[in-house]
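Worksheet: the structure to be examined is printed underneath.
Nothing fancy with the numbering, it's 1 onward along the sequence.
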Amino acid sequence: MPPVQVAVCGPRDCTVTEAANARHVGRLLAEAGATVLCGGGPGVMAAVAAGASDVGGLVIGVRPDTDRSMICAGLSAVLYTGMGEARNAILVSSADAVIIIGGSWGTLSELALSNRRGDVPVVSLGGWKVVDAEGRAVGGASEVESPEAAVAVALTAVRER
């Protein structure tokens, strides 16, 4: 069986807490032997790449552009798509599980694409909470409170599929 690939999605302009959570998630995923997929840029992407690469993990960045100067440190390889935000579909389609940390419009797109895909576990750590017109939560993502829970839920869901 090939290694599990987990996409970690979050804003480029993230909070200190989101960055710390992403770094911890990256480290935990790498220690579990998972390949980390991310957008390859600043913010949550850079933090998860740093966390995984610090412990020797494999980290693949899926960039929206072709500008080699825009990548973050810690990437093992980079896919330059030149597709703008359409790269979000490539990122989540390549993942066995998706972990959302924090929120931005791009992150909301990744959450929506992951849920629309329907066959991938989605975990939210301080991310978007989507509600319908009556204010009821729209299912799709497992909400967790810690990096440990995010990784445990994602990897358990992948193994149980």
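The structure places OG1 of Thr35 at 4.5 Å from CG of Leu58, a figure rounded to the nearest 0.5 Å. Between the CD atom in Glu145 and the CG atom in Leu125 there is a gap of 8.0 Å [rounded to 0.5 Å]. The distance from the CG atom of Leu91 to the CE atom of Met83 is 12.0 Å, given to the nearest 0.5 Å. The distance from atom CG of Asn88 to atom OG of Ser93, rounded to the nearest 0.5 Å, is 10.0 Å.
At a threshold of 4.5 Å between non-hydrogen side-chain atoms, the residues Glu18 and Pro11 count as touching. Side-chain contact between Val92 and Val120 is absent, with no heavy-atom pair separated by less than 4.5 Å. With a 4.5 Å cut-off on side-chain heavy atoms, Val6 and Leu155 count as touching. Contact check for Val98 versus Cys9: side-chain heavy atoms found under the 4.5 Å cut-off.
Remark: the backbone N or O of Ser104 is paired with a side-chain donor or acceptor of Trp128 at under 3.5 angstrom. Asn21 contributes no side-chain N or O that, together with a main-chain N or O of Pro147, makes up a donor-acceptor pair within less than 3.5 Å. The backbone N or O of Ile60 lies less than 3.5 Å from no partner atom in the side chain of Ser76, so there is not a single donor-acceptor pair. In this structure, Gln5 contributes its side chain and Ser94 its backbone to a donor-acceptor pair below 3.5 Å. With hydrogens and angles disregarded, a donor-acceptor distance shorter than 3.5 Å links the side chain of Thr81 to the backbone of Arg63. Looking at Arg87, its side chain does come within 3.5 Å of a backbone N or O of Gly39 through a donor-acceptor pair. At distances below 3.5 Å, not a single donor-acceptor pair connects side-chain atoms of Arg12 with backbone N or O atoms of Gly41.
A single hydrophobic cluster is not seen to contain both Trp105 and Val44; linkage of ILVMFWY side chains at heavy-atom distances under 4.5 Å, directly or through other members, places them apart. Val158 and Val123 fall within a single hydrophobic cluster, where Ile, Leu, Val, Met, Phe, Trp and Tyr are joined by side-chain heavy atoms under 4.5 Å apart, directly or via other members. Side-chain heavy atoms closer than 4.5 Å link hydrophobic residues (I, L, V, M, F, W, Y) into clusters, and following such links, possibly through other members, connects Ile99 to Val59. Hydrophobic clustering (ILVMFWY, side-chain heavy atoms < 4.5 Å, transitive): Val151 and Val122 are in distinct clusters. Taken together through direct or relayed side-chain contacts under 4.5 Å among Ile, Leu, Val, Met, Phe, Trp and Tyr, Val144 and Leu29 form part of one hydrophobic cluster.
With respect to Arg161 and Asp119, no salt bridge is recorded, no charged nitrogen being found less than 4.0 Å from a carboxylate O.
Counted within 6.0 Å of CZ on Arg116, heavy atoms from surrounding residues, nucleotides or ligands total 12 or fewer; the atom is thus considered open. Within 6.0 Å of atom CG in Asp54, more than 12 heavy atoms from other residues, nucleotides or ligands are found, so the atom counts as buried in its surroundings.
Nearest heavy-atom pair across Val36 and Gly26 is CG2-O, 4.4 Å. Pairing each heavy atom of Thr107 with each of Gly10, the nearest pair is OG1-C, 3.2 Å. The shortest heavy-atom contact between Gly127 and Ile100 is CA-CG2, 4.3 Å. Across all their heavy atoms, Ala89 and Leu113 have their closest contact at N-CD1, 3.7 Å. Scanning both residues, Ala49 and Cys72, for their nearest heavy atoms gives CB-SG, 3.9 Å. Closest of all the heavy-atom pairs between Ser146 and Ala149 is OG-N, 3.0 Å.
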